[in-house]
Amino acid sequence: MQHTVYDFNSVVKKNNGSIPLTYQKFLSLVSDVQVKDIIQISKGVSDECKASDYDSQGYDIPSLEEFGVNESELSECKYPGGESEGLKRLDVYMAKKQWVCNFEKPKSSPNSIEPSTTVLSPYISHGCLSAKLFYHKLKQVENGSKHTLPPVSLMGQLMWREFYYTAGSGTENFDKMVGNSVCTQIPWKKNDAHLKAWAEGKTGYPFVDAIMRQLKQEGWIHHLARHMVACFLTRGDLWISWEEGAKVFEDFLLDYDWSLNAGNWMWLSASAFFYKYYRVYSPVAFGKKTDKDGLYIRKYVPELKKYPSEFIYEPWKAPKGVQKTAGCVIGEGYPNRIVDHDKVHKDNIQKMNSAYKVNKEKKAMKRPRQ
DNA sequence: CATTATGTTGCGAAA
DNA sequence: GTTTCGCAACATAAT
Ligand SMILES: Cc1cc2nc3c(=O)[nH]c(=O)nc-3n(C[C@H](O)[C@H](O)[C@H](O)COP(=O)(O)OP(=O)(O)OC[C@H]3O[C@@H](n4cnc5c(N)ncnc54)[C@H](O)[C@@H]3O)c2cc1C
């Protein structure tokens with residue numbers, strides 16, 4: 001039994017003992033692997049395996065009340081747990097043949113009010129939904145029809161998961177920078193005030209704050225929303241270690257997964273797998289592409305609800321009068337920006353540049369010419 | 001060994 | 001309005 005579609009040990013073996021460092025390389029390694037059918041378990045627990053008190057309620061999952069949680073104080077549960085819910089969700093999406101066959105991840109929206117991707121991740125991460133079952137259902141839906149391809153297709157998404165599992169399983173200290181052979185060493189700085197502002201959704205950048213608040217409230221945010229806030233915390237704006245961000249994600253993501261979280265954080269911080277560090281997300285421009293009027297911001301940062309669309313992504317630019325009319329003065333009802341993106345992101349590109357230089361020199365030292 | 005093609009998903013100014 | 005280029009050159013895999 002395994003948690004992945006492919007056996008990552010044999011993938012690594014096939015690659016002469018080292019992990020594939022690119023997605024395309026990974027795909028080529030698994031291209032001729034026949035994925036076995038899933039095992040159907042239809043029977044219940046057989047009688048001889050049942051303890052004498054099998055039917056007693058003593059082994060039931062404790063209720064929220066027993067954990068000391070007052071259910072009425074919780075916000076709506078958007079993604080209820082369990083296998084039945086996971087299978088139901090899988091069925092809903094697999095029934096949309098057109099949608100699956102046209103799926104292109106980079107074109108999906110990070111800030112739609114309802115998720116633009118499947119949100120199967122919490123179920124897959126918790127073992128409520130088998131990655132192999134997802135694989136076979138997807139093959140079935142794609143079969144015979146024209147469809148998009150990895151990396152952008154829905155199947156491609158599942159392959160990203162396989163890719164990161166392979167990398168994570170074959171790399172020491174994969175969830176850290178130090179001692180991690182695939183991770184570029186970058187001199188991140190500690191800044192507890194900035195880290196706290198980021199984690200609480202109080203950076204003063206409405207799009208970033210909306211995403212962090214959705215994460216806290218609902219436990220799931222879109223992949224590109226993760227890009228936005230991960231870039232902002234690390235190489236884009238705050239220059240704080242990706243490990244700090246990963247810890248916050250671990251606390252709040254319903255779909256938290258050791259390999260996927262660490263791997264994607266390294267990607268976003270241009271520490272591994274992705275290297276074009278001058279591609280920096282703008283907290284003002286990025287969200288506008290898919291949500292010009294900032295409806296998403298208005299939902300998760302309600303103090304800005306009444307702002308005109310012109311200023312919803314950069315409320316500090318609104319004249320005082322407009323701020324007052326909208327019922328929220330910047331610096332009082334909503335925080336001032338903790339950094340100036342236009343300035344710091346340029347400085348940070350320079351810092352990335354020198355970090356890469358140092359790394360290159362170190363690598364050259366380690367492997368002198370034979 | 002050197003060279004070259006490729007890479008999920010940036011942005012903003014210039015042409 | 002659309003395409004191209006700068007950021008300043010990235011790493012990896014293939015040849
Ligand atoms: C900084 C950062 C941290 C992340 N941390 C996690 C995490 O802890 N757990 C987690 O499951 N995903 C993580 N992801 C990956 C990705 O964002 C989520 O898997 C995806 O958004 C889940 O939504 P979905 O099920 O609707 O995805 P879909 O687009 O519907 O994809 C289907 C499935 O493919 C897999 N998948 C999709 N995208 C990725 C990806 N980039 N990498 C690996 N597998 C992927 C997931 O299992 C997902 O359920 C992270 C991404 C970033 C940028």
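- Applying the 4.5 Å side-chain rule to ILVMFWY residues, one finds A:L64, A:F67, A:V69 in the same cluster as A:L74.
- Heavy atoms of A:H223 sit under 4.0 angstrom from at least one base atom.
- Residue-level contact check: A:F273 touches neither bases nor backbone, having no heavy atom under 4.0 Å from any strand.
- The side-chain tip of A:K78 does not point at the ring of A:W220 from less than 6.0 angstrom away and within 45° of straight on.
- Here the separation of C:dG1 from B:dG12, taken at their C1' atoms, is 16 Å to the nearest Å.
- Using atom P as the reference point in both B:dT8 and C:dA14, the two lie 14 Å apart (nearest Å).
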Next on the checklist: I need a per-nucleotide contact map over nucleotides 6-15 of chain C, read 5' to 3'. Cutoff is protein heavy atoms under 4.0 Å; write B for the base, S for backbone only, - otherwise.
Outcome noted: -BSBBSSSS-
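- Within the 4.0 angstrom heavy-atom criterion, only backbone atoms of the sugar-phosphate kind lie near A:Q24; the bases stay farther away.
- Atoms CZ (A:R226) and C1' (B:dT8) sit 15 Å apart, rounded to a whole Å.
- In plain terms, the two heavy atoms of A:V5 and A:K132 that are nearest each other are O-CE, 3.5 Å.
- A:L154 has its CG atom 17 Å from the P atom of B:dT8, to the nearest Å.
- When Watson-Crick and G-U wobble pairs are counted only if both distances are under 3.5 Å, C:dC7 pairs with B:dG10.
- Side-chain contact between A:I211 and A:M228 is present, with at least one heavy-atom pair separated by less than 4.5 Å.
- Going from atom CG of A:N102 over to atom C1' of B:dT8 covers 17 Å, rounded to whole Å.
- The aromatic rings of A:H345 and A:H341 lie parallel to each other, their planes meeting at an angle below 30°, with 60° marking the opposite boundary.
- Nucleotide B:dT8 holds its C1' atom 15 Å from the CE atom of A:M159, rounded to whole Å.
- For the P atoms, the distance from C:dA13 to C:dA9 is 23 Å, rounded to whole Å.
- A cation-pi arrangement, defined by a distance under 6.0 Å to the six-membered ring centre and an angle within 45 degrees of its axis, is absent between A:K299 and A:Y296.
- The pair A:D91-A:K88 does not count as a salt bridge, with every side-chain nitrogen at least 4.0 angstrom from each carboxylate oxygen.
- Remark: P of B:dT8 and NZ of A:K107 are 16 Å apart, rounded to the nearest angstrom.
- Taking atom OH of residue A:Y23 and atom P of nucleotide B:dG7, one finds them 12 Å apart after rounding to whole Å.
- Rounded to whole Å, the distance from NE2 on A:H222 to P on B:dT8 is 17 Å.
- Atom name C1', nucleotides C:dA8 and B:dG10: the rounded distance is 15 Å, in whole Å.
- Using Watson-Crick or G-U wobble geometry with both donor-acceptor distances under 3.5 Å, B:dA15 finds its partner in C:dT2.
- Separating the CZ atom of A:F286 from the P atom of B:dG12 is a distance of 12 Å, rounded to the nearest angstrom.
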